[in-house]
Amino acid sequence: MAKELTSRSENYSQWYNDLVVKADLAENSAVRGCMVIKPYGYAIWEKMQAALDRMFKDTGHVNAYFPLFIPKSFFSKEAAHVDGFAKECAVVTHYRLKNDPDGKGVIVDPDAKLEEELIVRPTSETIIWSTYKNWIQSYRDLPILCNQWANVVRWEMRTRLFLRTAEFLWQEGHTAHATKQEALDETMQMINVYADFAEKFMAVPVVKGAKSENERFAGALDTYCIEALMQDGKALQSGTSHFLGQNFARAFDVKFANKEGKEEYVWATSWGVSTRLMGALIMAHSDDNGLVLPPKLAPIQVVIVPIYKNEEQLNVISEKVNVIVEKLKAKGISVKYDYLDNKKPGWKFAEYELKGVPVRLAVGPRDIENGTVEVARRDTLTKEVTSLEGVDVYVEQLLNDIQESIFTKALNFRTEMITKVDSYDEFKEVLKNKGGFISAHWDGTKETEQKIKEETKATIRCIPFDREEETGTCFYSGKPSQGRVLFAIAY
RNA sequence: CGGGAUGUAGCGCAGUCCGGUAGCGUACGUCGUUCGGGACGACGGGGUCGCAGGUUCAAAUCCUGUCAUCCCGACCA
């Protein structure tokens with residue numbers, strides 16, 4: 001099955017490593033687990049970026065950019081935060097190289113040691129809040145609603161392609177507010193933006209909820225998340241939005257004068273999604289023929305493959321196809337007419353399936369004669385012949401259908417994979433044989449969650465916002481519970 | 001950082017036990033026939049066998065070291 005993201009899995013080199021993206025490792029270097037995103041893979045990321053950026057701007061946010069390097073001292077200012085990130089930081093200690101006096105190559109110049117080490121950002125809360133300090137004096141300066149598109153580095157012990165790479169691309173929103181309520185609203189608003197993006201663009205259904213204390217972001221008072229389910233039954237945290245309270249404002253001494261002229265600490269949020277979403281996209285929809293991309297994120301939405309024996313035939317076909325291409329473009333549909341004769345039609349069919357192109361049109365002599373075109377859809381791998389006249393309208397509708405159909409398929413799968421469980425035996429049984437989300441009562445304590453994790457590797461993915469009010473008893477401890485939470489094995 | 005595996009042509013691999021100077025599939029190039037689901041034939045180009053030492057007349061193969069990757073843990077977004 002083409003669902004594992006492992007290099008040894010059957011189809012990896014065929015459709016994943018070679019075509020979409022490659023975790024490329026510099027030889028003999030300490031650059032481990034970083035990823036190279038090839039042009040086609042990057043085009044998908046660009047589509048995601050564009051859609052998200054639009055949504056951020058529609059909710060009043062602006063983009064900004066902050067430094068890659070963060071002075072070490074900034075990190076020690078928020079205790080929980082440093083605890084969370086200290087173990088996975090890349091540290092810059094020198095600023096110069098020189099020729100090795102004893103021979104070949106270059107060495108780090110020992111005379112060029114930095115007074116204070118610089119940390120390559122694992123996340124930008126600290127550098128941004130030290131900057132915000134200078135931007136904020138009065139309630140009139142608030143709110144600040146900034147987002148940055150950037151790369152960050154987390155020196156993970158073990159990396160997993162897309163899901164946990166040492167360097168990754170992401171966006172991080174950092175907002176500052178005058179009131180607690182406004183910050184809470186912002187936190188909630190952004191998790192909703194993420195959920196909308198996941199469901200409407202990626203066609204990946206997600207559960208919105210709050211993290212348990214154990215799983216919370218380092219330095220946050222509350223973490224909201226969206227959790228998606230992959231085809232192998234494992235959960236993937238796909239986006240988070242944090243209510244930071246006044247923790248960072250206190251740490252960086254960011255105060256403002258309120259309407260009464262009194263000094264108060266600023267309220268903060270941060271939120272982010274990363275190239276991990278590409279992993280989610282791939283693992284949620286792909287099949288053994290390769291990628292299945294939702295039309296809204298497909299760099300190429302329609303590919304047209306002519307079938308011909310000679311140039312004369314091609315010319316006749318092209319004349320008809322060019323009209324369609326123009327019509328599709330006029331509708332804002334990205335279309336590629338692959339008329340080159342260096343590959344055969346069969347090869348092209350397989351190739352574009354591998355790349356997840358949602359709709360393929362094939363036009364050959366037979367179609368020219370009958371005024372028809374063959375339309376194939378990637379998600380169902382079905383083909384039908386339709387009239388060439390008006391195919392643009394047909395395709396436009398089809399793209400919408402595919403978008404919806406991919407989502408419905410994923411949603412049905414997820415619904416099937418949420419299992420209600422009331423005993424520990426049942427819990428273990430479902431984890432082992434079925435996977436997916438397990439909806440169960442939990443007593444709300446760290447200790448219970450920790451023990452369940454140790455014994456089964458399952459963690460609480462979230463406490464869903466829309467859970468039913470239902471009292472019960474914790475399946476593990478037998479203590480009273482206020483409602484069900486979702487457990488799962490996660491990536 | 002522990003346990004296991006791997007490193008040989010762009011990619012996927014065989015060859016290693018038992019040392020004799022590197023091969024298969026695919027991709028690539030030329031020509032011809034093909035072209036409605038990854039075409040076929042003929043010829044051809046491409047490899048410091050991860051790296052560094054050692055043993056030997058001779059090392060992809062044996063020995064030592066080292067680097068890197070993958071999988072399983074621990075850790076984490």
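Heavy-atom basis, side chains included; hydrogens, waters and symmetry copies ignored. Chain letters run A, B, ... following the sequence lines, proteins first and then strands; every chain starts at 1.
- When side chains are defined from C-beta on, Q49(A) counts as touching W149(A), because their heavy atoms get closer than 4.5 Å.
- Look at CD on E215(A): it is 9 Å from P on C76(B), rounded to the nearest Å.
- Listed nucleotides A77(B), G73(B), G36(B) differ in distance to Q237(A); the shortest reach to its side chain belongs to A77(B).
- Residue contacts for D341(A): at a heavy-atom cut-off of 4.0 Å it reaches no nucleic acid atom on any strand shown.
- Nucleotide G12(B): paired with C24(B) (Watson-Crick or G-U wobble, both distances less than 3.5 Å).
- To the nearest whole angstrom, the two P atoms, one in G47(B) and one in A58(B), are 25 Å apart.
- Across all their heavy atoms, T223(A) and F217(A) have their closest contact at OG1-N, 3.1 Å.
- Nearest to the side-chain atoms of E353(A) among the listed nucleotides G37(B), G36(B), C76(B) stands G37(B).
- The side chain of A350(A) sits closest to G38(B) out of C76(B), C35(B), G38(B).
- Summarising the geometry, the separation between CZ on R276(A) and P on C76(B) is reported as 13 Å, rounded to the nearest angstrom.
- Between the P atom of C75(B) and the OH atom of Y491(A) lies a distance of 19 Å, rounded to the nearest Å.
- Using P as the reference atom, U55(B) and U16(B) are 25 Å apart when rounded to the nearest Å.
- Straight-line distance from the NZ atom of K457(A) to the P atom of A74(B): 7 Å, rounded to whole Å.
- Under the Watson-Crick or G-U wobble criterion, with both distances below 3.5 Å, G7(B) is paired with C67(B).
- Look at C62(B): its Watson-Crick or wobble partner, with both distances under 3.5 angstrom, is G54(B).
- U48(B): no Watson-Crick or G-U partner with both key distances under 3.5 Å is found in any strand.
- Heavy atoms of F168(A) sit under 4.0 angstrom from at least one base atom.
- Taking atom P on both C49(B) and U21(B), the two are 15 Å apart, rounded to the nearest angstrom.
- Atom name P, nucleotides U66(B) and G25(B): the rounded distance is 39 Å, in whole Å.
- A cation-pi geometry, defined here as NZ or CZ lying under 6.0 Å from the six-membered ring centre and within 45° of its normal, holds between K428(A) and Y424(A).
- Comparing the same atom, P, in A77(B) and in G15(B) gives a spacing of 43 Å after rounding to whole Å.
- U56(B) and G19(B) are spaced 16 Å apart, taking the P atom of each and rounding to whole Å.
- Comparing G38(B), C76(B), C35(B) by their nearest atom to the side chain of R164(A) picks out C76(B).
- Across the protein-nucleic acid pair, N151(A) atom CG and A77(B) atom P stand 19 Å apart, rounded to whole Å.
- In the set G38(B), C76(B), A77(B), C76(B) carries the atom at the smallest distance from any side-chain atom of E88(A).
- Nucleotides C70(B) and G12(B) are separated by 15 Å at their C1' atoms, to the nearest Å.
- Distance CG (L244(A)) to P (A77(B)): 14 Å, rounded to an integer number of Å.
- Counting all heavy atoms, side chain and backbone alike, L293(A) lies closest to Y40(A) at CD1-OH, 3.5 Å.
- For C67(B) and C51(B), the P atoms lie 15 Å apart once the distance is rounded to whole Å.
- Distances from the side chain of K343(A) to the nucleotides G36(B), G38(B), C28(B) place C28(B) closest.
- With a cut-off of 3.5 Å on both pairing distances, the Watson-Crick or G-U wobble partner of G2(B) is C72(B).
- Nearest to the side-chain atoms of L354(A) among the listed nucleotides G38(B), G36(B), A77(B) stands G38(B).
- Nucleotide C17(B) forms a pair with no other nucleotide shown, judged by Watson-Crick or G-U wobble geometry with both contacts under 3.5 Å.
- Across all strands shown, C35(B) remains unpaired; no Watson-Crick or G-U wobble contact has both distances below 3.5 Å.
- Residue K383(A) contributes atom NZ, which lies 6 Å from atom P of G37(B) at whole-angstrom precision.
- One interatomic measurement links the two molecules: CZ of F349(A) to C1' of G38(B), which rounds to 11 Å at whole-angstrom precision.
- Between R154(A) and P345(A), the residue whose closest nucleotide on RNA chain B is further toward the 5' end is P345(A).
- Within the cation-pi definition used here (under 6.0 Å to the ring centroid, within 45° of the axis), R360(A) qualifies as a partner of F349(A).
- At least one test fails for K200(A) against the ring of F197(A): distance under 6.0 Å to the centre or angle within 45° of the axis.
- Heavy atoms of R360(A) sit under 4.0 angstrom from at least one base atom.
- In this structure, R461(A) contributes its side chain and F437(A) its backbone to no donor-acceptor pair below 3.5 Å.
- Taking the side chain of A362(A) as heavy atoms from C-beta on, and the options A77(B), C35(B), G36(B), the nearest nucleotide is G36(B).
- Between F248(A) and F252(A), the two ring planes are parallel [angle under 30°; tilted spans 30° to 60°].
- Residues R461(A) and K344(A) both approach RNA chain B. Their nearest nucleotides, taken by heavy-atom distance, put K344(A) toward the 5′ side.
- Side-chain proximity of P365(A) to the nucleotides G37(B), A77(B), G36(B) is greatest for G36(B).
- Pair assignment for A42(B) gives U30(B), based on Watson-Crick or G-U wobble hydrogen-bonding distances that are each under 3.5 Å.
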